[in-house]
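In what follows, chains are A, B, ... by sequence order, proteins preceding strands, each numbered from 1.
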Amino acid sequence: MNVTLPDGTVLDLPDGATGADAAAAIGPGLARAALAVKQGGQVRDLGLPLIDGEQLEIVTRKSGRDALDLIRHDAAHVLAAAVLELYPGVKISIGPSIDGGFYYDFEFPDGSGVTEADFPAIEQRMREHIKAAEPFQRDEVGIEEALERFRSEGQDYKLELIEDLVRDQGVQTVSLYRNGAFTDLCRGPHAPATDRIGAIKLQSVAGAYWRGDSSRTMLTRIYGTAFFTARELEEELERLEQARARDHRKLGRELGLFSFSDISPGSAFWLPKGTVLWNELVALSRDMGAERGFTEVKTPLLYDSELWKTSGHWGKYRENMFVTETEERAFGLKPMNCPGHAHMFRSQRWSYRDLPVRYAEPGLLHRNELSGTLHGLLRVRHFVQDDAHIFCAEEQVEQEVRRCLEYAFSTFEIFGFEIELELSTRPEQRIGTDEMWDRAEGALAKVLADDGLDYRVNEGDGAFYGPKIDLHTTDSLGRSWQLGTVQLDYSMPERFDLVYTGADNAEHRPVMIHTARMGSFERFIGILIEHLAGELPVWLAPVQALVLPISDRHAQAARDVAATIRARGLRVEADDRAESIGRRIREGELQKIPYMLVIGDREADEQAVSVRRRHEGDLGMVAVERFVEHLAHETATRRDAPLGR
RNA sequence: GCCGACGUAGCUCAGCUGGUAGAGCACUUCACUCGUAAUGAAGGGGUCCCCGGUUCGAGUCCGGGCGUCGGCUCCA
C-alpha cells in the first residue's frame with residue numbers, strides 16, 4: 001500500500017500497515033513522538049491499519065489543536081477512571097474534549113456528589129493513572145457483548161447510547177477503549193498511552209442535563225483542562241486570570257459605569273459615566289441609521305394582549321413576557337418591537353413607491369429570562385435594542401439584506417470587533433410554504449456568497465417565521481454571544497394583514513426584515529468593555545480629559561482650561577484636590593482616562609498644558625487651543641488619532 | 001427553571017472547634033502645596049442577604065427563601 005506524506009514523498013508499506021508502522025518507517029524519533037495519524041481529515045489511532053492511497057500526516061504534540069484534542073479526550077477517560085475508583089456506584093455518561101479543555105458527565109449515587117474541594121484528591125488519582133503510562137487498548141466488540149458488559153456494571157447511560165447507535169446508525173459493533181481497569185464506550189481516537197497527557201487541572205463542577213434535555217436527569221459535569229507541559233498549563237491559567245480582570249462586571253463597577261441591585265435582578269442602573277457611554281452609542285446608531293434611510297419612531301412599552309395574540313407572542317413567547325392587568329384587560333410589556341412596528345405600518349396606506357419603509361427604534365424591551373441565565377450586562381431582563389424593521393417588496397429583499405449586513409459591518413469596523421456569521425435555516429416548527437423558505441434561504445445565502453463572506457450554517461435554527469443571519473462575537477473568556485441579526489419575516493405581514501398597492505394597482509404583501517447591529521446596547525457595552533479592557537476610545541470615554549494643577553496656585557488656571565474644553569462640548573474634569581500630583585495621576589490612570597493635562601508654572605504662563613496620554617505617558621507641552629482642536633477632532637471623527645507636535 | 005458554590009463596611013477580604021465584629025483601599029477632617037502610577041495623622045462607617053429553628057447565647061449550626069457566580073437549558 002501507498003500513502004503520501006505532507007512533503008509529497010510516497011511511503012510504500014506492506015498491506016495492513018498501521019500508523020505506528022508508518023511512523024517507524026519514517027524514523028525512530030517520529031515513532032516515539034507519534035500520537036495518532038490524520039488521514040482524510042480524520043484523526044485515527046496509531047494502532048489502526050492505514051487507509052491505502054490517502055494522504056498521511058503523523059500527529060505529534062506539535063500538531064496544535066488536533067494533538068490537544070487527543071490528550072484532552074484521553075484526560076476525560078482518566079478523569080472517569082479516577083472518579084469511578086473514588087466514588088463507587090457512579091454512573092458515567094459522556095466526556096468529550098472541548099475548546100480549552102474537556103469534561104465528563106457523571107451521575108452520583110443518591111446523597112453523594114463532588115465539589116471543588118474534592119478536586120485535589122481526584123487530580124491526585126488522575127496523576128497516578130498518567131504516571132502509570134496505561135496503554136489505551138481499542139476493542140471492537142459485538143452489540144450483545146457491549147450491552148452485556150455495561151449492563152453488568154449498571155452503566156445505564158452507556159446502554160442507552162449503544163441502543164441509540166444501533167437504532168439510528170444500524171451499527172453491528174462498537175469500539176471500547178480500555179486503560180488500566182477502566183473501559184469506556186468510545187469512538188476514539190486516543191493517544192497510545194495515558195503518559196502522553198503532560199499536565200491536568202480540574203476547573204469547575206456544574207450541572208448538565210443528560211443529552212441536553214431539560215426534562216431528563218441533571219448530571220454532574222466536571223470541567224478540566226490538559227496540556228503537554230506544566231508550563232503550558234500555567235500559561236493557560238494565567239491567561240484565564242487576566243481575562244477575569246477584563247470582566248465587564250468588575251470594570252463597570254470600578255469605572256463607575258453601572259451597577260446592579262437585588263431589587264431589580266437583570267436590570268442595570270446606569271450611573272452618570274455609563275450613561276455618557278450609552279448616549280454616545282445611541283448617537284452613533286442614529287447617525288449611521290439616518291445615513292442609510294432609516295427613520296426613527298417611538299412606540300409604546302405596554303400593549304393589550306390582543307396585539308400579542310395577533311403577533312403570535314401570546315402563544316409562543318408568553319412565558320418570557322411580563323404581563324399585567326388593569327380594568328380586566330390583560331397587558332404585556334413588549335419583549336420585541338416588531339409587533340408595534342407592524343401595527344404602526346398598518347395605520348396608513350402605502351404605495352410600492354414608498355418602499356422600503358425602514359423604522360428604527362432604540363426601544364426598551366423586557367424579557368422574563370430564567371433567573372439562572374442572567375449574566376451581568378450580557379444577559380439581562382431589561383434592555384434596549386438598536387432595533388429596526390424594514391417593510392419592503394419581495395424583489396427588494398436581497399438588496400435590503402445586503403444593506404443590513406453592510407450597516408452591521410460598518411458598525412463593527414469602528415470597534416475592531418471580529419464577527420462570525422451564522423445562517424440559521426428552516427426549523428421543524430415553521431409557517432409558510434417550502435417555496436417561500438427556498439426563496440428566503442436562497443436570498444440570504446446568495447448575499448453571503450456574492451459578498452464572499454464566510455459563515456456557518458445552523459441547520460433548523462431559524463425563527464419560526466423565517467431564516468436569519470446572526471452576527472456573533474466573544475467575551476473575554478471566549479464565550480460566544482449574539483449581537484446583530486438580520487431576519488427575514490413572512491409571518492408578521494400575514495398576521496397583521498400588511499399590504500401595499502403595487503404598480504398594477506393590486507394589493508401586495510410586503511416582507512418584513514428584522515435587523516439589529518449592536519443587538520442590545522447592554523450586551524454591546526459589556527462586550528466592548530471586555531474587548532478594550534475598559535480602555536474606551538476618546539469619543540466614548542465618559543471623561544475625555546482630566547486637568548491636574550500642580551499646586552493650589554494653579555487651580556484657577558486648571559478651572560479655566562476645563563471651562564474652555566467644556567465650552568466645546570467635550571467632557572473634562574479638573575482634579576484640584578490636595579493630593580500629590582503622583583496620586584492624582586495614578587487615580588486618573590486607574591480610571592482609564594485618555595488624557596491628563598498637567599498645569600504648573602510653565603504651562604500657566606504660556607496658555608498651555610502638559611499632555612499625558614494613556615499608555616504613552618508625558619507628551620510634553622501643547623497649547624491649550626491646539627489640544628482642544630485635537631480632542632474635538634477625535635470626538636467628531638469617532639477615531640483616536642496621534643497628537644502631532 | 002435545573003445542578004453546584006458563594007453572600008461579613010462602598011470595594012477586596014480575615015473572623016479557628018458557637019461567647020453579641022476586624023484589616024487594606026475608599027470616605028471625612030487636619031497638616032503638607034507637591035512636576036507625571038499611592039504624603040502623613042486622626043476619625044466616621046456594619047439589620048454579618050432575608051425569614052424561621054436549635055441553643056443560656058448564632059456572623060458561625062440546621063431548614064426555607066432571595067441574590068450573585070460557574071455551567072445546563074434558552075436567547076440580544
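- Between the side chain of A:S580 and the backbone N or O of A:R583, at least one donor-acceptor pair lies under 3.5 Å.
- The OG atom of A:S410 sits 9.5 Å away from atom OH of A:Y407, with the distance rounded to the nearest 0.5 Å.
- Across all strands, A:E616 comes closer than 4.0 Å to no nucleic acid atom at all (heavy-atom distances).
- Listed by residue number, A:A578, A:E579, A:S580, A:I581, A:G582, A:R583, A:I585, A:R586 are the residues of residues 576-587 of chain A with a heavy-atom contact under 4.0 Å to RNA chain B.
- Between the CZ atom in A:R221 and the CD1 atom in A:I94 there is a gap of 6.5 Å [rounded to 0.5 Å].
- Nucleic acid contact for A:L374: sugar-phosphate only, since backbone atoms but no base atoms lie under 4.0 Å from a heavy atom of the residue.
- If you check B:G71, B:G35, B:U36 against the side chain of A:D601, the one that comes closest is B:G35.
- Rounded to an integer number of Å, the gap from CG of A:D475 to C1' of B:C69 is 14 Å.
- At distances below 3.5 Å, at least one donor-acceptor pair connects side-chain atoms of A:R517 with backbone N or O atoms of A:D386.
- Put simply, the side chain of A:Y209 and the base of B:G1 share a donor and an acceptor less than 3.5 Å apart.
- Contact check for A:L219 versus A:F106: no side-chain heavy atoms found under the 4.5 Å cut-off.
- Distance alone, capped at 3.5 Å, is enough to place a donor-acceptor pair between the A:D489 side chain and the A:M492 backbone.
- Within the 4.5 Å cutoff, side-chain heavy atoms of A:D470 are placed close to those of A:H472.
- For the pair A:E369 CD and B:C2 C1', the interatomic distance rounds to 16 Å; values are reported in whole Å.
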Give me, pair by pair, the N or O atoms of the protein and of nucleotides 61-64 of chain B that are less than 3.5 Å apart, along with how far apart they are.
none

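- Using atom P as the reference point in both B:G43 and B:C49, the two lie 28 Å apart (nearest Å).
- Of the two residues contacting RNA chain B, namely A:R211 and A:G266, the nearest-nucleotide position lying further toward the 5' end is that of A:G266.
- Note that OG of A:S285 is 11.0 Å distant from CD of A:Q385, once rounded to the nearest 0.5 Å.
- Here the separation of B:A76 from B:U39, taken at their P atoms, is 49 Å to the nearest Å.
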Taking only N/O atoms, report every protein-nucleotides 3-7 of chain B pair under 3.5 Å with atom names and distance.
from : atom 1 : to     : atom 2 : distance (Å)
B:C3 : O2     : A:G207 : N      : 2.8

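- The nearest whole Å value for the distance from the CD1 atom in A:I263 to the C1' atom in B:C50 is 12 Å.
- Of all non-hydrogen atoms in A:V90 and A:Q155, the two that sit nearest each other are O-NE2, 3.3 Å.
- For the pair A:I222 CD1 and B:G71 P, the computed distance is 16 Å after rounding to whole Å.
- Taking CD1 of A:I513 as the start and SG of A:C338 as the end, the distance is 13.5 Å to the nearest 0.5 Å.
- Base-pair partner of B:C2: B:G71 (Watson-Crick or G-U wobble, both distances under 3.5 Å).
- Checking B:C25 for Watson-Crick or G-U wobble geometry (two distances, each under 3.5 Å) identifies B:G10 as its partner.
- Figure legend: A:R286 and A:F294 shown without cation-pi pairing, the cationic atom not lying both under 6.0 angstrom from the six-membered ring centre and within 45 degrees of its axis.
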Restricting to nitrogen or oxygen on both sides, can you table the protein-nucleotides 8-15 of chain B pairs closer than 3.5 Å?
from  : atom 1 : to     : atom 2 : distance (Å)
B:U12 : OP1    : A:R253 : NH2    : 3.0

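- Using a 4.0 Å heavy-atom distance criterion, A:T485 is classed as making no nucleic acid contact.
- At a threshold of 4.0 angstrom between heavy atoms, the contacts of A:R612 include nucleobase atoms, whether or not backbone atoms are also involved.
- For A:H389 (side chain) and A:A360 (main-chain N/O), no donor-acceptor pair under 3.5 Å exists by modelled atom type.
- Here B:C34 sits opposite no nucleotide as a Watson-Crick or G-U wobble pair (both hydrogen-bonding atom distances under 3.5 Å).
- With both ends at atom C1', the span from B:U68 to B:U54 equals 28 Å, rounded to whole Å.
- Residues A:D247 and A:S520 both approach RNA chain B. Their nearest nucleotides, taken by heavy-atom distance, put A:D247 toward the 5′ side.
- For A:S371, a side-chain nitrogen or oxygen approaches OP1 or OP2 of B:G1 to under 4.0 Å.
- Looking at the side chain of A:Y223, the nearest of the listed nucleotides B:G71, B:C75, B:G35 is B:G71.
- Within residues 413-420 of chain A, no residue is approached by RNA chain B to less than 4.0 Å at the level of any non-hydrogen atom.
- With a 3.5 Å ceiling on both atom-pair distances, the Watson-Crick or G-U wobble partner of B:C56 is B:G19.
- Nearest heavy-atom pair across A:K468 and A:L444 is N-CD1, 3.7 Å.
- Both tests do not hold together for A:R253 against A:F258: distance to the six-membered ring centre under 6.0 Å, angle to the ring axis within 45°.
- With a cut-off of 3.5 Å on both pairing distances, B:G45 has no Watson-Crick or G-U wobble partner at all.
- Of the candidate nucleotides B:G71, B:A76, B:C34, B:C34 has the atom lying nearest to any side-chain atom of A:S551.
- One cannot find a donor-acceptor pair under 3.5 Å joining the base of B:G1 and the side-chain atoms of A:E319.
- Atom-to-atom, CD of A:Q556 to C1' of B:U33 comes out at 17 Å; the value is rounded to the nearest Å.
- Looking at A:E160 and A:R216, a side-chain N of the basic residue comes within less than 4.0 Å of a carboxylate O on the acidic one, giving a salt bridge.
- Taking 3.5 Å as the limit, the base of B:G67 and the side chain of A:S261 contain no donor-acceptor pair of atoms between them.
- Taking CG of A:N279 as the start and CZ of A:F521 as the end, the distance is 10.0 Å to the nearest 0.5 Å.
- Using modelled atom types, no side-chain atom of A:Q607 and backbone atom of A:V624 make a donor-acceptor pair closer than 3.5 Å.
- OP1 or OP2 of B:G70 lies within a sub-4.0 Å distance of a side-chain N or O belonging to A:R479.
- Within residues 375-385 of chain A, the residues approached by RNA chain B to less than 4.0 Å at the level of any non-hydrogen atom are A:H375, A:G376, A:R379, A:V380, A:F383, A:Q385, in residue-number order.
- One atom, CD1 of A:I599, and another, P of B:U36, lie 16 Å apart when rounded to the nearest Å.
- Rounded to whole angstrom, the span from the CD atom of A:E603 across to the C1' atom of B:U36 amounts to 11 Å.
- Panel note: side chain A:R367, backbone A:P335; a donor-acceptor pair is recorded below 3.5 Å.
- Counting only heavy atoms from C-beta outward, the side chains of A:I581 and A:P549 never approach each other to under 4.5 Å.
- Screening A:R584, A:E573, A:E589, A:R612 for a side chain to side chain contact (heavy atoms under 4.5 Å, CB included) involving A:L546 leaves a single residue, A:E573.
- Straight-line distance from the CZ atom of A:R367 to the P atom of B:G1: 19 Å, rounded to whole Å.
- Residue contacts shown for A:G600 include a base, since a base heavy atom lies under 4.0 Å away.
- Between the side chain of A:S261 and the backbone N or O of A:S264, no donor-acceptor pair lies under 3.5 Å.
- Note: A:L161 CG to A:R211 CZ = 5.0 Å, rounded to the nearest 0.5 Å.
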